[in-house]
Amino acid sequence: MERRQFLGTSLALGAGSALLTTGCAPSRAQPAATPVPAVPTGPIRLNSNENPLGLSPAARDALLRDLSEANRYPRQSRTDLIAALAAKHGVLPEQVQLGAGSTEILQMVVQSTAADATIVIAEPTFEDVNRYAVTARRRVVAVPLRPDGSHDLERMRAAVGSGPALVFICNPNNPTGTLTSCDEVDAWMQREQERVLFVVDEAYFEFAEDPGYRSAVSWAITRPNVVVVRTFSKIYGMAGMRLGYAIAQTPTCERLRALACGNNANELALAAGLAALADSGFQQRTLSVNRASRQILTRALDQLGLSYLPSHTNFVMHRIPGEVATYNTRMRDAGFLVGRAFPPMLTYSRVSLGVPDEMERFTRTLRDFRERAWV
Ligand SMILES: Cc1ncc(COP(=O)(O)O)c(C=O)c1O
């Protein structure tokens with residue numbers, strides 16, 4: 001089934017089941033039926049590492065049911081989601097801090113640092129920490145990734161200096177999709193002083209299937225200087241709803257909380273998030289679609305001789321000859337949005353994995369580009 005057809009059908013089903021669960025009585029004047037949201041048109045969006053399956057059916061139903069609470073400030077739903085996250089990670093509710101997307105957590109951690117703190121990041125990595133650090137006038141040291149795409153922890157450690165510091169470790173890393181050895185990260189955390197705050201961004205945690213990969217949550221529970229950041233934007237398919245969270249020790253969480261916007265997670269996102277967490281079928285479907293799509297893409301890249309970094313995520317960073325800007329314009333003309341430029345990797349393109357049909361079309365376009373000598 002085509003993605004558009006799939007989405008249209010499931011949206012209609014989602015709206016229908018919400019009507020059933022809210023017990024629609026036929027005798028009273030009914031408001032007009034909930035319109036089925038328009039199916040997106042335009043280019044295929046392979047540029048922001050979103051979940052191509054849309055919202056999970058359970059989350060969609062929960063959201064529609066919760067519309068009657070949209071005029072209220074979030075209360076119970078916030079408590080419920082925090083309790084569910086605490087149970088999932090084996091922590092106390094006060095060790096969970098919500099954000100309007102995980103990017104708000106990243107903003108909080110940067111703002112929580114001392115004015116003279118050094119912020120150490122990899123290059124390239126997810127840009128928001130650098131952006132917030134520049135706004136907050138913190139000193140940033142960017143350490144190039146190793147050739148295999150892992151964080152160069154030795155050089156990052158050397159960059160920390162003797163004062164307060166924040167070390168940002170994005171694992172798996174965006175935009176490269178690569179892993180950094182958890183053993184190495186653990187060894188550093190174990191011996192580092194508390195003046196160094198580790199922020200481990202696990203936005204793509206669920207996609208990483210390497211047996212050596214594990215979460216840093218156990219460190220966040222045992223050390224005051226470790227914050228783990230997670231998002232509902234990827235495996236849970238909720239990028240547009242803005243929901244993320246941090247796991248950290250209670251005093252660390254309290255410091256972050258002081259910097260959060262009041263009521264920062266909205267009622268509908270909370271309701272959808274709670275349902276999405278429990279919808280393991282949707283998470284499994286996302287992973288199997290992601291695997292199938294990655295295989296379609298990497299097979300084509302292999303055939304075309306375009307090298308790529310090993311992806312542990314829902315995107316692949318692959319070689320392109322020539323400039324990113326020209327390539328992106330040509331891709332846009334062909335009906336695809338692909339990732340922006342990620343300096344210094346200016347001869348690479350990051351393409352997010354859509355559904356298999358989208359990847360078949362994308363790879364046909366790549367082959368067509370080869371015939372024109374564009375790749
Ligand atoms: C590594 C990483 N961290 C954080 C984010 C921010 O996600 P959000 O604010 O949607 O939770 C992203 C978004 O793409 C990301 O790739």
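Counting starts at 1 for both ligands and their atoms, following the listed order.
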When you compare ligand 1 with K234, is there at least one nitrogen or oxygen pair between them that comes in under 3.5 angstrom? yes
Proximity to ligand 1 by part of T103, non-hydrogen separation under 4.0 Å: both
Check the angle between the aromatic planes of Y327 and H318 and answer parallel, tilted or perpendicular using the 30° and 60° thresholds. perpendicular
Measuring from the heavy atoms of S233, does anything fall under 4.0 Å of ligand 1? yes
Contact between A239 and ligand 1, counting heavy atoms under 4.0 Å? no
At under 4.0 Å between heavy atoms, what of A203 touches ligand 1? The answer is side chain
Salt bridge check, R75 against E69: does any charged N sit closer than 4.0 Å to a carboxylate O? no
For the CZ atom on R137, are there more than 12 heavy atoms of other groups (residues, nucleotides or ligands in this structure) within a distance under 6.0 Å? no
When you measure from the heavy atoms of D201 to every atom of ligand 1, does any distance fall below 4.0 Å? yes
Which protein heavy atom lies closest to atom 9 (O) of ligand 1, and at what distance to 0.1 Å? R242 NH2, 2.7 Å
Using a heavy-atom cut-off of under 4.0 Å, does the side chain or the backbone of E104 touch ligand 1, or both, or neither? neither
Lys/Arg cation over aromatic W219: R223, 6.0 Å, 45° cone: no
Check for me whether R230 meets the cation-pi criterion with F205, that is, NZ or CZ under 6.0 Å from the six-membered ring centre and within 45 degrees of the ring axis. yes
Please confirm whether F232 approaches ligand 1 to less than 4.0 Å, judged on its heavy atoms. no
The atoms of ligand 1 lying under 4.0 Å from a heavy atom of G101, numbered in the order shown, are 9 (O), 11 (O)
Under the side chain to side chain contact (heavy atoms under 4.5 Å, CB included) criterion, do V129 and I119 qualify, and how do the steps go? CA-CA 9 Å; V129 166; I119 311 250; 3.8 Å; yes
Between E209 and R291, does any NZ, NE, NH1 or NH2 come within less than 4.0 Å of an OD or OE carboxylate oxygen? yes
Picking from M108, E104, E254, R255, what satisfies side chain to side chain contact (heavy atoms under 4.5 Å, CB included) with Q97? M108
Please report whether ligand 1 has a polar contact with S102, defined as an N or O pair separated by less than 3.5 Å (distance criterion only). yes
